[in-house]
Amino acid sequence: MWQQSVPKTASPRDRGRILRRAARVLAALALLAGLAPRAAVGQGAPVTMRMVPQTNIAILDPIWTTANVTRNHGYMIYDTLFGTDAEGKIKPQMVDKWTTSKDGKLWTFTLRDGLEFHDGAPVTSEDVVASLKRWSSRDSFGGVLAGFIDHYETPDAKTFRLVLKEPFGLVLEALGKPSSNVPFIMPKRIADTPGDQQIKETIGSGPFIFKADEFRPGERVVYVKNPRYKPREEPASGTAGGKRVYVDRVEWVIIRDPQTQLNALLAGEVDLIEEPAAEQYATMRASPSIELVEVQPAGGQFIFRFNHLHPPFDDVRIRRAAMVALGEEQMLKTQVGVPGLYQFCKSVYPCGSTYASDNTSFYTGVADPKKAHQMLEEAGYKGTPVVLMRPTDLAGISKLPLVAKQQLEQAGFVVDLQTMDWQTLVARRTKKDPPNAGGWNAFMTSWNSADVMTPVTMAMMNARGDKGWFGWDNDPQLEEIKARFVRATTDTERKKIAEQAQLRAIDTATHVPLGQYHSFAAVRRGVLSGLVHADSQVYWNIKKS
């Protein structure tokens, strides 16, 4: 009827303007009345995905820490030069093209067009070089690569070069490293921050923008779609391909209690739980509204990490005794408990992977308290307490320290189990103070299998002393073995050297591998689709219906 109210004397141009204005008014009235057509709501209402991350996040620097939750935050807002696809192949991401000299000592890379940071500044070669330098100061693989680099060159804003002292056969594998620490690219002014200090700004060029004004540690983390991001044309695969964003907003809702997480998912208050507790799998499988998705098919590995600086674990003999005291079977049954989702594996590399080996010297993976007690007596252990940190809010590993305490005490260790949340543990493990002055002796964690596939990707084999991973192992011999690994030119030679690295790591007791596991994300069935299978949790390509 409203069409009839347009004056007959109106010109066609005015008539069209009036009709369009009337249509807008009616659409607005319908929206206010809850009567808007479905298409109009879909076009105008922002789409928000709400998820529960594996734990709270307080540390936002994915180079300063290897914590998975911070790595996942990094993938939201930063981009990488290369990615690793679902088949394990290295693919270009921010890089458009590259060349290698015949002698393998000069690598030239050109950035693709349209790369911008969230503040509107273009991504330049200077940003890339500063980011790589900072990354290599913290990362095991990056540290090995840095030892081969003579210098960087930046001939123009889109071109950077790696000038090597000698050929390095794994350049692309290093730049496309899919998990902690990931070589994320940051603005130069931020990347110039020393690696042992946390960055103050969180600005990247990736598919999401971090909403610092809405960040509430312990409560909520918010990201919005980056409207200027230009994804690659290829389909999303692993950490490679087109990072297309189909939601307007992603909220990380911090819920510490596993049962409360499940209740929120069942009530539709959240759409996804990143890492639900294993004991809830049976309930979730039985629910018609929940789907369990294995987004990281390679699984992970549990480990026990020593602090090499302070007694009693500054003595390699006592570290070895602890290795003999700890056993995988009880760890796996207690922490995971679901048959088929865990696997005994005494190799430091994942069983079934390229470099896995049963040649593990004295380490059997089976708890032997009598032998461990004898080793302690021979080492002259005098009852120095072992400060073992336990995170109570990270369901995926929270039970492991309880088992470790029991096994160590059965062998004669005195254990001081100290409980805290994961973010407190992540901060405390950086401290080199004595255990009785706020430091620590040991902690337990888990790694994605991608992180522990080779001696150069494994943080526990970062044996550069003060520049190494938390625990600060200082072993030039292990570093030399890693350098030989990257110099190797055949798979057979690399496999042999990887075994040498394993034996050295076990002999010096860098850490204790404690078996493998698989975990699932819990998703509202029929609501989310497009989850990407990768070696890290990534949240592009997801659609919400």
Side-chain angles (χ1 to χ4, degrees), residues 62-63 66 71 74-75 78-85 88-95 97-101 104-111 125 127-153 160-186 191 195 238-240 349 353-355 447-464 467-469 478-489 491 494 497-498 501 534-536:
I63 304 301
T66 53
R71 174 208 63 197
Y75 269 116
Y78 300 110
D79 213 345
T80 58
L81 299 171
F82 289 83
T84 302
D85 71 11
K89 297 178 180 178
I90 303 299
K91 301 289 186 177
Q93 191 61 37
M94 298 174 76
V95 167
K97 56 186 177 181
W98 70 97
T99 59
T100 312
S101 62
K105 293 165 64 175
L106 176 63
W107 290 72
T108 302
F109 302 88
T110 303
L111 298 174
S125 54
D127 300 310
V128 171
V129 169
S131 297
L132 292 180
K133 287 181 177 179
R134 185 169 191 265
W135 163 71
S136 63
S137 75
R138 300 289 288 181
D139 182 68
S140 179
F141 204 170
V144 177
L145 173 60
F148 282 71
I149 293 176
D150 183 78
H151 64 278
Y152 293 91
E153 294 179 352
F160 67 96
R161 293 178 181 141
L162 275 58
V163 183
L164 307 180
K165 303 170 187 174
E166 59 179 295
F168 185 93
L170 300 174
V171 168
L172 299 185
E173 285 79 0
L175 301 183
K177 187 173 186 277
S179 194
S180 302
N181 295 95
V182 179
F184 292 120
I185 303 305
M186 305 177 179
T239 60
Y349 312 111
S353 66
T354 302
Y355 302 115
W447 288 93
N448 292 357
S449 290
D451 293 311
V452 293
M453 287 287 188
T454 77
V456 293
T457 58
M458 192 180 301
M460 291 75 71
M461 287 195 192
N462 188 338
R464 297 184 290 163
K467 294 182 179 179
W469 195 57
L478 181 53
E479 288 298 303
E480 190 276 330
I481 293 172
K482 288 161 56 181
R484 286 196 285 113
F485 177 85
V486 298
R487 289 190 182 101
T489 57
D491 292 340
R494 281 205 181 107
I497 297 171
D535 292 316
S536 299

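We number each residue from 1, following the sequence as shown. Only heavy atoms go into these numbers, but all of them, side chains included; no hydrogens, no water, no symmetry mates.
Put simply, the side chain of K482 gets close to the backbone of M461: a donor and an acceptor are under 3.5 Å apart. Q93 places no side-chain N or O within donor-acceptor distance of the main-chain N or O of T80, the cut-off being under 3.5 Å. A donor-acceptor pair is defined here as one N or O able to donate and one able to accept, closer than 3.5 Å; such a pair exists between the side chain of R494 and the backbone of A488. Side chain of D85 to main chain of G238: no donor-acceptor pair is present (N/O by atom type, distance under 3.5 Å, no hydrogens or angles). Under a 3.5 Å cut-off, the side chain of N181 and the backbone N or O of P62 do form a donor-acceptor pair. In this structure, S131 contributes its side chain and I185 its backbone to no donor-acceptor pair below 3.5 Å. Checked by atom type and distance alone, the side chain of T239 pairs as donor or acceptor with a backbone atom of T84 at under 3.5 Å.
At a threshold of 4.5 Å between non-hydrogen side-chain atoms, the residues R161 and L106 count as touching. Within the 4.5 Å cutoff, side-chain heavy atoms of R464 are placed close to those of E479. The shortest distance between side-chain heavy atoms of L111 and V128 falls below 4.5 Å. Taking 4.5 Å as the limit, every side-chain heavy atom of I481 sits out of range of all side-chain heavy atoms of F485. A heavy-atom distance below 4.5 Å is not found between the side chains of I149 and F168. Contact check for P183 versus L132: side-chain heavy atoms found under the 4.5 Å cut-off. You'll find the side chain of T110 stays beyond 4.5 Å of the side chain of W98, heavy atoms only. Taking 4.5 Å as the limit, some side-chain heavy atom of E166 sits within range of a side-chain heavy atom of R487.
Distance check: F82 CZ to L175 CG gives 6.0 Å after rounding to the nearest 0.5 Å. Note that the CE atom of M458 and the CG atom of L478 stand 9.5 Å from one another [nearest 0.5 Å]. With rounding to the nearest 0.5 Å, the separation of CZ in R71 from CG in D535 is 8.5 Å. If you take OH on Y349 and OH on Y355, they are separated by 9.0 Å, rounding to the nearest 0.5 Å. Expressed to the nearest 0.5 Å, how far OH of Y78 lies from CE of M186 amounts to 4.0 Å. Rounding to the nearest 0.5 Å places CG of L164 at 7.0 Å from CG of L145.
F141 has its ring centre no less than 6.0 Å from the ring centre of W135.
When every heavy atom of S353 is checked against every heavy atom of M453, the shortest pair comes out as CB-SD, 3.5 Å. Minimum heavy-atom separation, S136 to G142: CB-O, 3.2 Å. The minimum heavy-atom distance between A483 and F148, with the atom names listed, is O-CZ, 4.0 Å. Among all heavy-atom pairs drawn from L170 and V486, the shortest one is CD1-CG1, 3.8 Å. Pairing each heavy atom of S137 with each of G195, the nearest pair is OG-CA, 3.7 Å.
For S179 and D451, the side-chain atoms include at least one donor-acceptor pair closer than 3.5 Å. For W469 and S140, the side-chain atoms include no donor-acceptor pair closer than 3.5 Å.
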Quick one: do K97 and F109 satisfy side-chain contact (heavy atoms from CB on, under 4.5 Å)? Show the steps, please. CA-CA 6 Å; K97 56 186 177 181; F109 302 88; over 6 Å; no

Might you work through the salt bridge (charged side-chain N to carboxylate O under 4.0 Å, His left out) test for E173 and K177, ending with a clear yes or no? CA-CA 6 Å; E173 285 79 0; K177 187 173 186 277; over 6 Å; no

Evaluate the side-chain contact (heavy atoms from CB on, under 4.5 Å) criterion for residues W107 and S101: first the C-alpha distance (whole Å), next the side-chain angles of each, then the deciding distance (0.1 Å), finally the verdict. CA-CA 7 Å; W107 290 72; S101 62; over 6 Å; no

